[in-house]
Protein chains: 2
Amino acid sequence: MRNRSYHHGDLPAQLLARAEQTLREKGSGALSLRELARDIGVSPAAPSRHFKSKQALLDALALTGFERMADAIAASQEGVGETFAERLDAAARAYVGFAVADAALLDLMFSVKHSPEASEALSGAAHRWSELLLSLISEGQRRGEVQEGPLERVALPVFAALHGYVGLRVSGMLPPEVSENGLDDVIASILRGCRPQ
Amino acid sequence: MRNRSYHHGDLPAQLLARAEQTLREKGSGALSLRELARDIGVSPAAPSRHFKSKQALLDALALTGFERMADAIAASQEGVGETFAERLDAAARAYVGFAVADAALLDLMFSVKHSPEASEALSGAAHRWSELLLSLISEGQRRGEVQEGPLERVALPVFAALHGYVGLRVSGMLPPEVSENGLDDVIASILRGCRPQ
DNA sequence: ACCTGAACACCGTTCAAGT
DNA sequence: ACCTGAACACCGTTCAAGT
C-alpha cells in the first residue's frame, strides 16, 4: 500500500536522484537504466514510461544540473561587494566549486551528444544560467568598470575563459599546483581583458 | 593468404582508423568494439589482444588525437608573421578548426574518464601540445609583446580562453552568429589580458 | 603470437499482459 | 495510467582451443 503509492508519481524523481548520485560517485560510465530500476525496486521496463530513452534521462539530468548551477551562482552574489571584480570573483568561484564537486554532471551538461528535441529545453536552461553572467557584466558596464560594446560580444571571452579553466581542471589537464592557484590568474586576465581601454 | 597477412600486425592500426572514422561520422555513442571487429572482418575477441579493454582503445584514440592536434597547430605557424598576435591568431584558428572538424574526438581527448594508467601517456601527449603554446607565449615575452612572469602562470589564461571557446562551440552553446564571429573577440580579449601593463 | 568459437553476464528497448 | 514479465537484439570480456 505504502510501497504502491511510493512508486506512483515519484518514479521520475527517484530515477533522477539515483542517477545523479551514481553519476557523482561512479561516473557516467557506470550509469545503467536497469541498475537504476533494480536499486529503486522496479522492473527494467518501468523507467521507459517516464523517460523514453536513456538519453532522455541524461538530458533531464543535464537540465537539473544547469538549474542547480544557476542557483549556486546566484547564491554566490549574496552579501558580496558591489564592484565588478568582486562579483565576478564570487561567481567564478561558485562555478568552479560546482564543477569540481560534480565533474561528471558538468561533462554531461556540456556534452556534444544530446537528443535534438532536448537541445531546446537544454539551451533554455543554459540561457537562464548565462543571463546571470550577462547581467553581471551589464552591471559592470553601467558602473564603468567593463568596456562598452554589445553585451554578448563582451561576455563571450569572459564565459570562454571561465569555462575553459573549468574544463581543463576537471579533465585533469592541470598540474595540482596550477589547479590550486590558477583561477586567480584567470580572473585577473579576464578583468584586464574586459576593462575599459 | 593476402587476407591472412592483412590481419597480422595491422589489426591495431585498423581498429584505430575505423574507430576514428565512426567517431567522426556517428559520434562516440555509436562506438562498439564488436561492430569494429565485424567491419574489419575479425572475431569479437580479436581486439582484446591489442587493447585490453574498450577504454584502452579510447585512450589510444585520444592520444593520436593530441598528436594530430599538435601537428595541426605546428603547421599553422608556417609562413605566418612574427608578431605574437599573428602567431596566436593562427594557432587559435588551427585549434578551433581541428575541434570543429572532430568534435567527438575532442570530447574524448578532454574526457573526464580515462583509465589511470593511460593518464600518464595521455598527459604526455597533452604536454607536447601545450609546449607549442608555451613556446609561442615565451617568444612573445622575449619580444616584449607579452607580460613578464612565470610561463605557466601567463599561459593558463590563454589556454583557458581558447579551450573554453572551443568547448562552448562544439557543445552547441553558442548561437550561430556568435559561433561565427566570436573567436575574434576571444583572441582580442586574450591579447589585452596578457600584454605588458 | 594471433585469432576463433563459444560462453557469460550484462545492456537498452519493446510489447503484450496485468492491476 | 502505471507497472510487470518476457523477449529481442545487442554489448564487453574471458577463455579454451586452434593455427
Side-chain angles (χ1 to χ4, degrees), chain A residues 1-23 25-62 104 108 111 113-118, chain B residues 1-23 25-62 104 108 111 113-118:
Chain A
M1 181 60 170
R2 196 175 158 286
N3 274 343
R4 200 173 145 273
S5 82
Y6 191 63
H7 291 314
H8 276 239
D10 231 16
L11 223 198
Q14 284 242 315
L15 284 166
L16 284 174
R18 191 94 200 181
E20 200 178 307
Q21 184 187 346
T22 76
L23 195 63
E25 291 172 358
K26 308 195 216 163
S28 66
L31 205 59
S32 144
L33 277 179
R34 284 184 104 107
E35 187 174 13
L36 250 36
R38 238 178 287 132
D39 290 348
I40 295 178
V42 95
S43 92
S48 75
R49 292 286 136 182
H50 306 281
F51 302 100
K52 77 179 221 302
S53 72
K54 184 184 185 182
Q55 186 59 51
L57 188 148
L58 295 179
D59 292 337
L61 218 47
L108 195 66
S111 167
K113 44 174 180 177
H114 289 294
S115 40
E117 335 99 304
Chain B
M1 181 60 171
R2 198 177 156 283
N3 275 344
R4 198 171 146 275
S5 81
Y6 190 66
H7 291 314
H8 276 238
D10 232 14
L11 222 199
Q14 284 242 316
L15 283 166
L16 284 174
R18 191 95 200 181
E20 200 178 306
Q21 184 187 346
T22 76
L23 195 64
E25 290 172 358
K26 308 195 217 163
S28 66
L31 205 60
S32 145
L33 237 35
R34 284 184 106 107
E35 187 174 12
L36 248 38
R38 237 178 288 132
D39 290 348
I40 296 178
V42 95
S43 93
S48 76
R49 292 286 136 182
H50 307 281
F51 301 99
K52 78 178 219 301
S53 71
K54 185 183 183 182
Q55 187 59 51
L57 188 148
L58 295 180
D59 292 338
L61 217 46
L108 196 67
S111 168
K113 42 175 184 179
H114 291 294
S115 41
E117 334 98 303

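Within every chain, numbering begins at 1; the chains are lettered A, B, ... in the order of the sequence lines, protein sequences first and strands thereafter. The figures that follow rest on heavy atoms only: side chains count, while hydrogens, waters and symmetry mates do not.
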Non-hydrogen atoms of Leu61(A) and Ala19(A) that approach each other most closely: CD2-CB, 3.8 Å
Minimum-distance pair of heavy atoms, taken over all atoms of Ala37(A) and Ser43(A): CB-O, 3.6 Å
Output yes when at least one side-chain N/O atom of Ser32(A) is less than 4.0 Å from OP1 or OP2 of dG12(C), else no. yes
Starting the side chain at C-beta, find the nucleotide from dC10(C), dT4(D), dT13(C) nearest to Arg38(A). dC10(C)
Between dC11(D), dG12(C), dA6(C), which nucleotide has the shortest distance from any of its atoms to the side chain of Ala45(B)? dA6(C)
Residue among Leu11(B), Leu33(B), Leu16(B) satisfying side chain to side chain contact (heavy atoms under 4.5 Å, CB included) with Phe51(B): Leu16(B)
Got a donor-acceptor pair under 3.5 Å from the side chain of Arg34(B) to the base of dT13(D)? yes
Atom of Ser28(A), atom of Leu23(A) and distance for their closest heavy-atom approach: CA-CD1, 3.5 Å
Rounded to whole Å, how long is the line connecting atom NZ of Lys52(A) with atom P of dA1(D)? 20 Å
Gly27(B) and Ala104(B): which non-hydrogen atoms are nearest, and at how many Å? CA-CB, 4.3 Å
Output the single nucleotide from dG12(D), dT4(D), dG5(C) whose closest atom is nearest the side chain of Ser43(A). dT4(D)
The side chain of Glu35(A) is closest to which nucleotide in this list: dG5(C), dC11(C), dT13(D)? dC11(C)
Which listed nucleotide (dG12(D), dC2(C), dG5(C)) is nearest to the side chain of Arg49(B)? dC2(C)
Pair assignment for DNA chain C - dot-bracket with | for other-strand partners, Watson-Crick or G-U under 3.5 Å: ||.|||||...|||||.||
If I take atom CG in residue Leu33(A) and atom P in nucleotide dT14(C), what distance separates them, rounded to the nearest angstrom? 11 Å
Spacing of Glu35(B) atom CD and Arg18(B) atom CZ [to the nearest 0.5 Å]: 8.5 Å
